[in-house]
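What follows is a single structure, written as structure tokens, with notes after it.
A quick note: this is a predicted structure, and the numbers were derived from the prediction, not measured. Ligands are counted one by one from 1 in listed order, and the atoms in each one are counted from 1 as well.
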Amino acid sequence: MKKYLKAVFAFAMTTTMLFAMAGCGSSPEANNVEEQNTEVTQGEGTEGETTGDVFVMATNAEFPPYEFYEGQDIVGIDVEIARAVAESMGKELKVEDMAFDSIIPAILSGKADIGVAGMTVTEDRKASVDFTDTYVKASQVIIIKADNTEITGAADVEGKAIGVQLGTTGDLYASDVTDTVERYNKGFEAVQALAQGKIDAVIIDDQVAKALAADNADVKVLDEPFTEEEYAIAVKKGNTELVEQINAALAELKESGKLQEIVDKYITAE
Ligand code: GLN
């Protein structure tokens with residue numbers, strides 16, 4: 001079953017991701033998505049092309065433990081990795097918060113130098129941006145209501161009302177197995193809708209699922225992952241020099257143990 005789903009998923013990526021991911025904006029079906037064009041900008045700086053010693057990271061700070069708000073600050077694994085990378089390049093990191101599907105457009109327009117957002121490397125995204133080496137392995141998982149005994153694995157969500165975060169790989173996967181996909185800007189909103197019984201399941205990244213479920217006793221995460229994924233940093237297409245610089249910094253972070261240290265700070269091993 002898993003193999004079949006993977007194949008279907010890969011097919012869905014090639015057929016739908018150009019539209020969903022390549023910077024074409026929101027899907028017309030995005031009926032649950034509120035206006036979210038405003039960017040919460042951290043640090044000093046002006047709009048437009050990035051210059052000088054500031055290194056701009058585009059992200060969607062609704063994705064614990066990778067990026068989330070702690071008071072006014074955006075923190076998390078991705079932020080710390082990006083800051084370490086920026087530092088190794090002698091630059092100061094500036095984090096810009098935006099909708100997940102605005103990240104690639106921000107890179108393409110030069111508003112951001114990098115996209116770091118628990119972003120899964122996919123062939124379709126590779127058509128519009130370049131990716132660095134991967135820095136984390138992840139998977140998509142299912143969240144259901146704590147008292148749900150009907151859904152026990154990936155096969156059981158077929159045809160169900162599935163909540164996802166707009167424009168994510170979870171969105172693609174869900175779209176492939178059901179016609180009822182409810183799209184939210186925040187995974188948190190999807191979990192809330194689930195707890196309220198508005199949808200049957202949420203498909204989202206594993207660590208994010210755990211973080212969101214930990215705060216909500218009405219839901220639980222199924223163990224069975226149905227896609228294995230890897231996260232990398234996205235940069236403007238053709239910017240090989242930047243990719244190489246970041247890869248060198250990532251290699252150093254891996255070798256020194258710093259990367260693991262950052263991950264361990266936010267994710268406690270089971
Ligand atoms: N890993 C998923 C993707 O790349 C979700 C990322 C996110 O929501 N920040 O589509």
**Item:** Nearest candidate to atom 1 (N) of ligand 1, where distance is taken over non-hydrogen atoms, out of N60, T59, D205
**Value:** D205
Taking only heavy atoms of [X] into account, list the atoms of ligand 1 that are under 4.0 Å away from them.
X: Y231; value: 1 (N)
X: M119; value: 4 (O)
X: A117; value: 6 (C), 7 (C), 9 (N)
X: F100; value: 3 (C), 4 (O), 6 (C), 7 (C), 8 (O), 9 (N), 10 (O)
X: Q165; value: 7 (C), 8 (O)

Quick one: do the [X] and [Y] side chains pair a donor with an acceptor below 3.5 Å?
X: E80; Y: Y266; value: yes
X: E158; Y: T178; value: no
X: T59; Y: E67; value: yes

**Request:** To the nearest 0.5 angstrom, please state how far the CD atom of Q192 sits from the CG atom of L194.
**Result:** 10.5 Å
**Item:** T120 side chain to E230 backbone, donor-acceptor under 3.5 Å
**Value:**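 Side chain of T120 to backbone of E230: no pair is present.
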**Message:** Students often mix this up, so state it plainly: with edges at 30° and 60°, are the rings of F63 and Y231 parallel, tilted or perpendicular?
**Reply:** tilted
**Request:** Examine F63 against ligand 1 and note whether any of their N/O atoms are separated by less than 3.5 Å.
**Result:**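 No, there is no polar N/O contact under 3.5 Å.
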**Asked** Are K126 and E123 close enough, and set up right, to give a salt bridge (charged side-chain N to carboxylate O under 4.0 Å, His left out), and what steps lead you there?
**Response** CA-CA 5 Å; K126 278 189 194 168; E123 287 308 312; 3.2 Å; yes
**Prompt:** Is there a heavy atom in Y66 that sits closer than 4.0 Å to ligand 1?
**Reply:**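 Heavy atoms of Y66 never come under 4.0 Å of ligand 1.
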**Item:** R125, portion touching ligand 1 at heavy-atom distance under 4.0 Å
**Value:** side chain
